Asks: 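What follows is a single structure, and I will ask about it in a moment.
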Amino acid sequence: MLDSIVFGLGKVILVLEKACRLDGYFVFEVEYINNKKVHYTEDGRPGWCKDINKCIQTTHYKHEINFDEVDTKVERKILKRYQIDKSRDEYTLEMMSPAGGWIDASLMPDVMVDTAIDNMEYHLFRKSKVSKI
């Protein structure tokens, strides 16, 4: 079992043999509880990144994560659309991931962030409590 900061728990369903692997390319595929399938590089970088070299590791083995440090508190102050857009432009926006924790919205797939905004699910966003500068 793997855990992703975006999708939660998942199961590895495909692993390329070492002889078939190329450095920096996808070597395994994970299927998550919501039936989402994502390809990853050997170091856990997801296939939904536009530039795989600038992407961070988003999947981890369960023993690598301290769940006591994951912020899962519900945000009481709901942002307005313009506040979400402004925070997103300033890279100070966090989004509640399907896994249940708050993460930097820039780490989420753009389609997930855009869909939540288009569906007016503003309760899924908050301004970052930690300065990025």
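Owing to the predicted nature of the structure, the values given are computational and were not obtained by experimental measurement.
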Asks: Nearest 0.5 Å, please: how far is CE in Met108 from CG in Leu93?
Replies: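 It comes to 10.0 Å.
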Asks: Within this structure, what is the CZ-CG distance for the pair Arg88 and Leu79, rounded to the nearest 0.5 Å?
Replies: 13.5 Å
Asks: State whether the side chain of Asn119 and the backbone N or O of Glu121 hold a donor-acceptor pair below 3.5 Å, judged by distance alone.
Replies: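 Side chain of Asn119 to backbone of Glu121: no pair is present.
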Asks: Working to the nearest 0.5 angstrom, can you tell me the gap between Met95 CE and Ile84 CD1?
Replies: 9.5 Å
Asks: Side-chain heavy atoms nearer than 4.5 Å, only ILVMFWY residues, links allowed to pass through others: does that put Val113 and Tyr82 together?
Replies: no
Asks: Which atom names give the shortest non-hydrogen contact between Tyr91 and Ser106, and what distance separates them?
Replies: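 Answer, listing the atom of Tyr91 first, then Ser106: CD2-CB, 4.2 Å.
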Asks: Are Val30 and Leu16 in one and the same hydrophobic cluster, where Ile, Leu, Val, Met, Phe, Trp and Tyr link if side-chain heavy atoms are under 4.5 Å apart?
Replies: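 Val30 does not cluster with Leu16.
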Asks: Among the clusters formed by ILVMFWY side chains lying less than 4.5 Å apart, do Phe28 and Leu14 turn up in the same one?
Replies: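 They do not share one cluster, since no chain of ILVMFWY contacts under 4.5 Å joins Phe28 to Leu14.
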Asks: Closest heavy-atom contact between Lys127 and Ser87?
Replies: NZ-OG, 3.8 Å
Asks: Considering non-hydrogen atoms only, spot the tightest contact between Phe125 and Ile117 and give its length.
Replies: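 The answer is CZ-CG1, 3.7 Å.
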Asks: Would you compute the distance between atom NZ of Lys37 and atom CD of Glu29 and round it to the nearest 0.5 angstrom?
Replies: 6.0 Å
Asks: If you measure from CG on Asp104 to CG on Leu107, what distance do you get to the nearest 0.5 Å?
Replies: 4.5 Å
Asks: Answer with yes or no whether the hydrophobic clustering places Leu124 together with Met120; edges join I, L, V, M, F, W, Y residues whose side-chain heavy atoms lie under 4.5 Å apart.
Replies: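 In one cluster: yes.
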Asks: Can you measure from CD1 (Ile103) to CD (Glu94) and round to the nearest 0.5 angstrom?
Replies: 9.0 Å
Asks: Run the salt bridge (charged side-chain N to carboxylate O under 4.0 Å, His left out) test against Asp85 and tell me which residues pass, sequence neighbours left out.
Replies: Arg81
Asks: Looking only at non-hydrogen atoms, find the nearest pair between Gly10 and Tyr32 and report the distance.
Replies: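 Minimum heavy-atom contact is CA-CD2, 3.5 Å.
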